[in-house]
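Throughout, protein chains are lettered first and strands after them, A, B, ... in sequence-line order, and every chain is numbered starting at 1. Source: prediction; values computed, not measured.
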Amino acid sequence: MDEIKVTLPDGSSQEHPAGVTPLEIAQSIGSRLAKDAVAAKINGEQVDITRPIHEDCDLEIITIDSDEGQEVLRHSTSHLMAQAVEQLYPDAKIAIGPPIEKGFYYDIDVDEPFSDEDLAKIEERMREIAEKDYDVKREEKSIEELIGLFDERNEDYKIEILEQIRDEEGDDSASVYWQGEFVDLCRGPHTPSTGWLKHFNLLNVAGAYWRGDENNQMLQRIYGTSWPSEKELQEHLEHLEEAKARDHRKLGKELDLFSFHKESPAAPFFHPKGAIIYNELVGHIRDLYKEYNYSEVITPQILDLDLWHRSGHYENYKENMYFTSQKGDEKEFAVKPMNCPTHTFIYASQKRSYRDLPLRIADFGRLHRYERTGATGGLTRVRSFAQDDAHIFCTIDQIEEEVVELVEIILNTYELFEFGDVEIEISTRPEKYIGEIETWDRAEDILEAALEHKGYEYNINEGDGAFYGPKIDFIVKDALDRDWQLGTVQLDFMMPERFDLTYTASSGDEERPVMVHRAVLGSLERFIGILLEHTAGELPLWLTPVQFSLLPITDDHHDYAYELKDKFFDAGIRVEVDARNEKVGAKIREAEVQKIPYMGIIGDREVENGTISLRQHTIGDVGALPVSEVLDKLLVKIEEKQMRINTKQEDQTV
RNA sequence: GCCACCAUAGCUCAGCUGGAAGAGCACCUCACUUGUAAUGAGGUGGUCGCGGGUUCGAUUCCUGCUGGUGGCUCCA
């Protein structure tokens, strides 16, 4: 028998008879490795652990706890679920069932949607099948044979996929995986048997369109999670619970920040405390505007429909716009969904020279966009909102410098809030675009160059740009791991064209400026939602609605407390006195629950000595300090704009 | 918009198969004058989201609508 040479990731190589399997090689290396080996990679391609090797190759063993191993595990769990569903509901047709981050799903066509009880039944059946420990066997066959196989089984969706593989990818064969009576079209790899699947849970059902197209049949999607160990499964379930606790909608209610009312669906009402956060954020951005030479403007809420025709919004965006009319007024108006057209008027209100550029115009104007009912939710997707919006009018040569500066501003700002996990994405020319391809290519190059010069990592989102230009988006995750776009930098060659914007170049020629749409926080509403979840409601001192709560122990201490309140208030600190007829323990509890960063306990000792007993949120008693020291400490901390750090180290800095 | 689920006091939630709406917290009153995460007693408070239907009788069953939640689609 021929010998083949297998090279391992550490560079060492081994001789084996041809036909050896990765599992056998793993066993020769060590029993521990063989036990954890769930799949393998041959020359970089994922294969089953039992796939015979016939040629020299690079081999890597995929263990169950690696990312790739868990992916295999989750994929196999989705097959297990499909098998259980087919046993329980013989008429069900299975569509697709991939692994996803931390779990899996399977899309299934059934007459009756699944209920929670069905989920429990399916999960139970899954455990039974797993117990039986069916071998998972791969089989490669011609497309025609497989179409026959799935035709017999009435699996229409599998046939459609097979036809696509044949017609679009030009393959004439494909693989299926068998476990017991169940078979699924699949590239693999899979766990060697169903017995590997032990630590899983089905989570929820949802509707999902076949192939993600809303014109297609809606299928039932069951989501589940699956892990190498019970411990990891339990940790994940706990994580999901914790995420619920820091859901911004829950915090918004508990901390009295905002509310929603059916009279204006998906439009937040910011309460006094929420408005403080909102305005502090705006204030912070205004400070940046001073530093970076922006001019803030205020523009109208409703504008003549003609304008929106001219800007292209009516044609491209009318599904998202609100319209208004008034008896006696022959004109029709639209509520602005974006600020950009209004800024072109300000640009064009005087003759511009190259010396005026870049001209940076900022606007916190309220925007209204109609969002389909199912799309809205909490503060992250609303119909009424404001952005920290600005438009930069500049020459083509100035774009790169502006973009570099913007990326810097945006990332510095996110750093202030300690968003560790920011993804940067460049979206390129979509199918529907306007302008010249050369201009697009150049613009895309500029965006890439700007990121590369600074060494930022980014992904390319092919064809996802706006119809008027490519963009860079900045994306962070919410408590439930959903991605949300915050900041954005968008190049626009169309708007200056449509509104005939010009500037006089040094040559004396009239030239067309470029417009850069940009936002740092994005929508203030969304940003507040994400920030609340990111901080679990423990906002940094400068943003927090009540910074300091004075807690007099008895009525006798009220005068001193109010005296102090005035003193702190006059210094610009948001301070409250809890004068309720309660024990100090109850007042402390209330302040802790409200996540108020600092508490000042006022009793006989403090009145006598002119001190405040300071207590810090979640950390506890800090000790008695002279009033002026407490005041200075708070002022410094507000000025520093630091995030809250809930460690014991904090009291050492007092 | 689509699929599923949810809607009971200001908040969080009970309310079995249809038979006179409940708790805790909050709020108000009174007592207590309190030292680092909930003092006690009493009290106010609900068209059971809204509209139809079934029924002798509907918070409960059916149905339409509204709003919300999880997804899908779409997007800051």
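A salt bridge links A:E525 to A:R366: one of the charged nitrogens lies within less than 4.0 Å of a carboxylate oxygen. With respect to A:R615 and A:D621, no salt bridge is recorded, no charged nitrogen being found less than 4.0 Å from a carboxylate O.
A stacking contact links A:F385 to B:A76: the aromatic ring centre lies within less than 5.5 Å of the base's six-membered ring centre, and the planes differ by less than 30°.
At whole-Å resolution of the value, CD in A:E590 and C1' in B:U34 are 17 Å apart. Summarising the geometry, the separation between CZ on A:F104 and C1' on B:G71 is reported as 15 Å, rounded to the nearest angstrom. Put simply, CG on A:N461 is 13 Å from C1' on B:C75, counting in whole angstrom units. Remark: P of B:C74 and CG of A:D473 are 16 Å apart, rounded to the nearest angstrom.
Using cut-offs of 30° and 60° for the angle between ring planes, the A:F417 and A:F419 rings count as tilted.
Comparing atom distances between the A:Q220 side chain and each of B:C3, B:U34, B:C75 picks out B:C3 as nearest. Proximity note for A:A206 (side chain, C-beta onward) versus B:A76, B:G71, B:U33: the nearest is B:G71. Here the nucleotide nearest the side chain of A:M218, chosen from B:U33, B:C2, B:U39, is B:C2. The side chain of A:R381 has B:C75 as its nearest neighbour among B:U36, B:U73, B:C75. Considering only side-chain atoms of A:D621, the nucleotide from B:U36, B:A37, B:C11 that sits closest is B:U36. Taking the side chain of A:Y370 as heavy atoms from C-beta on, and the options B:U34, B:G1, B:U39, the nearest nucleotide is B:G1. Comparing B:G67, B:C2, B:G35 by their nearest atom to the side chain of A:Y209 picks out B:C2. The side chain of A:Y223 lies closest to B:C72, out of B:U34, B:C72, B:U33. Distance from the side chain of A:E214 is smallest to B:G1 among B:C11, B:U33, B:G1. The side chain of A:R589 has B:A37 as its nearest neighbour among B:C3, B:A37, B:A76.
Summarising the base pairing, B:C75 is matched to no nucleotide, lacking a Watson-Crick or G-U wobble pair whose two defining distances lie under 3.5 Å.
Within 3.5 Å, a donor on the side chain of A:R615 pairs with an acceptor on the base of B:A37, or the reverse. Counting atom types as modelled, A:S613 pairs a side-chain N or O with a base atom of B:G35 as donor and acceptor under 3.5 Å. With hydrogens and angles ignored, a donor-acceptor pair under 3.5 angstrom links the side chain of A:E371 to the base of B:A76. For B:G35, the base has a donor-acceptor partner in the side chain of A:E606 [N/O atoms by modelled type, under 3.5 angstrom]. Applying the 3.5 Å distance criterion, the base of B:U69 shares no donor-acceptor pair with the side chain of A:R249.
Remark: A:I528 CD1 to A:L531 CG distance equals 8.0 Å, nearest 0.5 Å.
Centroid-to-centroid, the aromatic rings of A:Y89 and A:F114 come within less than 6.0 Å.
Both A:S523 and A:K262 sit near RNA chain B, but only A:K262 has its closest nucleotide nearer the 5' end. Nearest-nucleotide positions on RNA chain B place A:D213 closer to the 5' end than the other of A:Q485 and A:D213.
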